*Asks:* 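Handing you a structure now.
Here the structure is a predicted model, which means the values were calculated and not measured.
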Amino acid sequence: MKRLYISIFVLSGLFFSGCSDEFLDVNPTESIPADVELVNNDAGAKGFVTAIYNHFLGWEMSSFGWNAVSSIISDDADKGSDPGDAGGDKDIIDALTYNASTASFQSTWNANYAGINRCNQALEIFPKLDKVTPALKVRLEGEAKFFRAFMYFTLVKGYGGVPIVDHVPVPVSEEDRIMQLTRKSPAEVYAFIEKDLNDAIINLPEKSAYGAEDRTRVSKGSAYALLSKVSLYQKKWQQVIDNCDKVTGYSLVSDYSSQFKKEGEFGPESIFEIDGIGGTSSPGFGIGNYSVSQAPRGAGGWGWGFNTPTEGLANAYEAGDVRRAATIIFRGSVLYDGREIPESVANARYNYKAYSSDFYNQEFSDTNLRYLRYAEVILMKAEALNELGQTDAAIPLINQIRKRANLGVTPFTSQADIRKAIYKERRLEFAFEHDRWFDLVRTGQAAAAMAADGKNFIVGKHELWPLPTSFIREAAGLSQQNPGGY
């Protein structure tokens, strides 16, 4: 994916500026030019959507805070680092003692709405671009709607009902002010996501239609896979199956670990991943501090040591499961590129999927974020079949995943046991791919899983993240805080 710095576009979106804490503050560096002709061409149109992809390289979108609220919070990860280094708020998130002022929840909120704003900007200007190749413009609209749906899916999974901002707000409009501050119900948000994805499906090409220069772009299969996952969270089981069946042209790679190395990027199993190129000091070429913040810490290490795999996760793998060695860096081990991890590092385990061989100690690494893989399509379909009572049809799908992991077939046959087996395979297959917390909540496993990890999950509170205090204050009664006494 080519990096494009777009100084003439309004790219900041909804975020808090340095001099104010009001939710509605917008701090654009420059405005969309009055002369649309400056961007009325294929490169200009494509640049708007490339800016959306590039947003995922941001520190707030994909790095320290996101790791906290999607991974450290769960039973798969500990805060890590040194006991005296809280990482700002990573200790209280790990302990589930956070509140509405905890910074990582606010940064995740800000980042996703800023990204949604980029999508809205693109969708607003496209109708004005009459010199863009029509087929390209259709595709780009599909990409923008996919990303807007993806970010709203993150928001609704984490916070529940949220404001639906479906266009670039006009600062002087009272109607738009209310739009930005009024929560919609989860059902309304899901309906909005589904509409965007169905539109994207119409507009996007199949993965096979892209040339090598566009292999990083989302495709029709990406939209179908995300729609399947959106249906999964709503327990629309038949829709899960129907949409999974439409994700075609993908396959499991034979070597599980290869997907998380440079040579495995955008392979046959990849449905949606964010591309990092790597660099020493240039923002926009890698996810800011994603790798180094999770790298081994202490004597012989080179990173901050946060987001470390728990002992419970390490012990959850069956003997011979190749995913364990591909997911966890162990103290005293030797990595695939020959780098040694001495016994003197601070923590016993680290996240292998975040490791970058070429930029292992640089701020901007070349590590990619894998958000949708074909393995998930297989397991989503298995879960839906099992929930519909078609357990016999679900079992071969589980076994596809287990075979790739170098394991034998599942010994279970009952619907209840196969449900547990699917949950376990999801945990081990997608560890540190930002799904575990949401899976625990949606499947009702959170309280028991957190208790086993020594954490106190309060039913009726911790299912949803707290809405940022600054948003609630600015809403002034238009929206209410999530339950639980935040």
Side-chain angles (χ1 to χ4, degrees), residues 1 3-7 11-18 21 25-29 50-73 77 79-81 85-94 98 101-119 147 150-151 154-155 158 273-295 297 302-308 350-351 353-356 359-371 432-434 465 468 470:
M1 181 174 62
R3 299 293 185 251
L4 182 59
Y5 297 98
I6 309 174
S7 62
L11 296 181
S12 59
L14 299 169
F15 71 98
F16 299 87
S17 71
D21 61 357
D25 278 351
V26 177
N27 186 27
T29 56
T50 301
I52 302 170
Y53 285 87
N54 288 353
H55 184 67
F56 279 80
L57 300 176
W59 161 263
E60 288 197 336
M61 188 68 180
S62 301
S63 195
F64 210 32
W66 173 237
N67 282 334
V69 303
S70 65
S71 189
I72 293 173
I73 195 173
K79 172 187 75 71
S81 185
D85 188 349
D89 58 7
K90 308 307 175 287
D91 54 342
I92 59 175
I93 290 176
D94 192 11
Y98 50 79
S101 297
T102 301
S104 291
F105 296 108
Q106 181 164 313
S107 65
T108 298
W109 173 278
N110 294 350
N112 279 277
Y113 272 111
I116 288 166
N117 191 59
R118 292 192 184 200
C119 298
F147 275 104
F150 184 89
M151 287 181 273
T154 296
L155 290 169
E273 67 180 275
I274 292 297
D275 189 21
I277 295 176
T280 56
S281 60
S282 299
F285 288 90
I287 302 167
N289 287 310
Y290 181 79
S291 291
V292 75
S293 67
Q294 301 179 73
R297 178 173 181 140
W302 58 88
W304 306 356
F306 287 92
N307 198 28
T308 56
Y350 297 95
N351 177 10
K353 291 181 180 179
Y355 176 66
S356 167
F359 299 93
Y360 67 97
N361 61 353
Q362 300 298 320
E363 181 176 359
F364 301 102
S365 81
D366 59 356
T367 301
N368 284 12
L369 282 185
R370 283 77 175 177
Y371 273 117
F432 291 93
E433 294 179 52
H434 307 283
W465 299 335
S470 48

*Asks:* Which residues pass the salt bridge (charged side-chain N to carboxylate O under 4.0 Å, His left out) test with D89, not counting sequence neighbours?
*Replies:* none
*Asks:* Over 60° means perpendicular and under 30° means parallel, so classify the ring planes of W66 and Y371, tilted if in between.
*Replies:*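 Ring orientation, 0 to 90° scale: tilted.
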*Asks:* Would you give the length of the straight line joining atom OG of S81 to atom CG of D91, rounded to the nearest 0.5 angstrom?
*Replies:* 10.0 Å
*Asks:* Which is it for M151 and C119 under the side-chain contact (heavy atoms from CB on, under 4.5 Å) test, yes or no, and what are the steps along the way?
*Replies:* CA-CA 10 Å; M151 287 181 273; C119 298; 3.6 Å; yes
*Asks:* Would you indicate whether the side-chain heavy atoms of S291 and Y355 approach each other to under 4.5 Å?
*Replies:* no
*Asks:* Any chance you could lay out the side-chain contact (heavy atoms from CB on, under 4.5 Å) test for I287 and T367, step after step, and finish with the verdict?
*Replies:* CA-CA 8 Å; I287 302 167; T367 301; over 6 Å; no
*Asks:* Does the side-chain contact (heavy atoms from CB on, under 4.5 Å) test come out yes or no for L369 and D275, once each step is laid out?
*Replies:* CA-CA 7 Å; L369 282 185; D275 189 21; over 6 Å; no
*Asks:* Using side chain to side chain donor-acceptor pair (under 3.5 Å) as the criterion, list what pairs up with S356, not counting sequence neighbours.
*Replies:* D366
*Asks:* With ring pair (Phe, Tyr, Trp, His ring centres under 6.0 Å) as the criterion, how do F147 and Y53 come out once you've worked through the C-alpha distance, each side chain's angles and the decisive distance to 0.1 Å?
*Replies:* CA-CA 8 Å; F147 275 104; Y53 285 87; 4.7 Å; yes
*Asks:* With sequence neighbours left out, write down each residue that passes ring-ring contact (aromatic ring centres under 6.0 Å, His included) with Y350, or none if nothing qualifies.
*Replies:* none
*Asks:* Taking C-beta and beyond as the side chain, do S107 and M61 meet within less than 4.5 Å on heavy atoms?
*Replies:* no
*Asks:* Tell me, please, which residues at least two apart from Y360 pass ring-ring contact (aromatic ring centres under 6.0 Å, His included).
*Replies:*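 With sequence neighbours excluded, Y360 shows a ring-ring contact (aromatic ring centres under 6.0 Å, His included) to W302, given in chain and number order.
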*Asks:* Identify the heavy atoms of Y290 and A354 that sit nearest to each other, and give their distance.
*Replies:*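 Y290 and A354 have their closest heavy atoms at CE2-CB, 3.8 Å.
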*Asks:* Sequence neighbours excluded, which residues qualify as salt bridge (charged side-chain N to carboxylate O under 4.0 Å, His left out) partners of R370?
*Replies:* E273
*Asks:* Who passes ring-ring contact (aromatic ring centres under 6.0 Å, His included) against F105, sequence neighbours left out?
*Replies:*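 Checked F105 against ring-ring contact (aromatic ring centres under 6.0 Å, His included); matches are Y98, W465.
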*Asks:* Which atoms form the tightest heavy-atom contact between G80 and T308, and what is the distance?
*Replies:*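 Looks like CA-OG1, 3.4 Å.
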*Asks:* Does a salt bridge link R297 with D85, judged by any charged N lying under 4.0 Å from a carboxylate O?
*Replies:*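 Salt bridge present between R297 and D85.
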*Asks:* Taking T102 for the side chain and S104 for the main chain, is one N or O donor matched with an acceptor at less than 3.5 Å?
*Replies:*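 Not a single qualifying donor-acceptor pair exists.
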*Asks:* Only counting residues at least two apart or in another chain, list the ones meeting side chain to side chain donor-acceptor pair (under 3.5 Å) with T108.
*Replies:*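 Partners of T108 under the side chain to side chain donor-acceptor pair (under 3.5 Å) test: none.
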*Asks:* Report the residues that fulfil side chain to side chain contact (heavy atoms under 4.5 Å, CB included) with N289, sequence neighbours left out, ordered by chain and then residue number.
*Replies:* W59, S63, V292, W304, E363
*Asks:* Could you list the residues that satisfy ring-ring contact (aromatic ring centres under 6.0 Å, His included) with F306, not counting sequence neighbours?
*Replies:*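 So F306 forms a ring-ring contact (aromatic ring centres under 6.0 Å, His included) with F64.
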*Asks:* Could you check whether any side-chain heavy atom of I274 comes within less than 4.5 Å of a side-chain heavy atom of L57, counting everything from C-beta outward?
*Replies:* yes
*Asks:* What heavy-atom pair brings A114 and H55 nearest, and what distance separates the two atoms?
*Replies:*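 Taking every non-hydrogen atom into account, CB-CE1, 3.8 Å.
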*Asks:* CD1 of I72 to NZ of K79: how many Å apart, nearest 0.5 Å?
*Replies:* 8.5 Å
*Asks:* Got a second to check how far I93's CD1 is from I73's CD1, nearest 0.5 Å?
*Replies:* 6.5 Å
*Asks:* With rounding to the nearest 0.5 Å, note down the distance linking CZ in F56 to CG in N368.
*Replies:* 13.0 Å
*Asks:* By side chain to side chain donor-acceptor pair (under 3.5 Å), which residues pair with N351, not counting sequence neighbours?
*Replies:* Q294
*Asks:* So, using side chain to side chain donor-acceptor pair (under 3.5 Å) as the criterion, who are the partners of S70 when residues are at least two apart?
*Replies:* H434
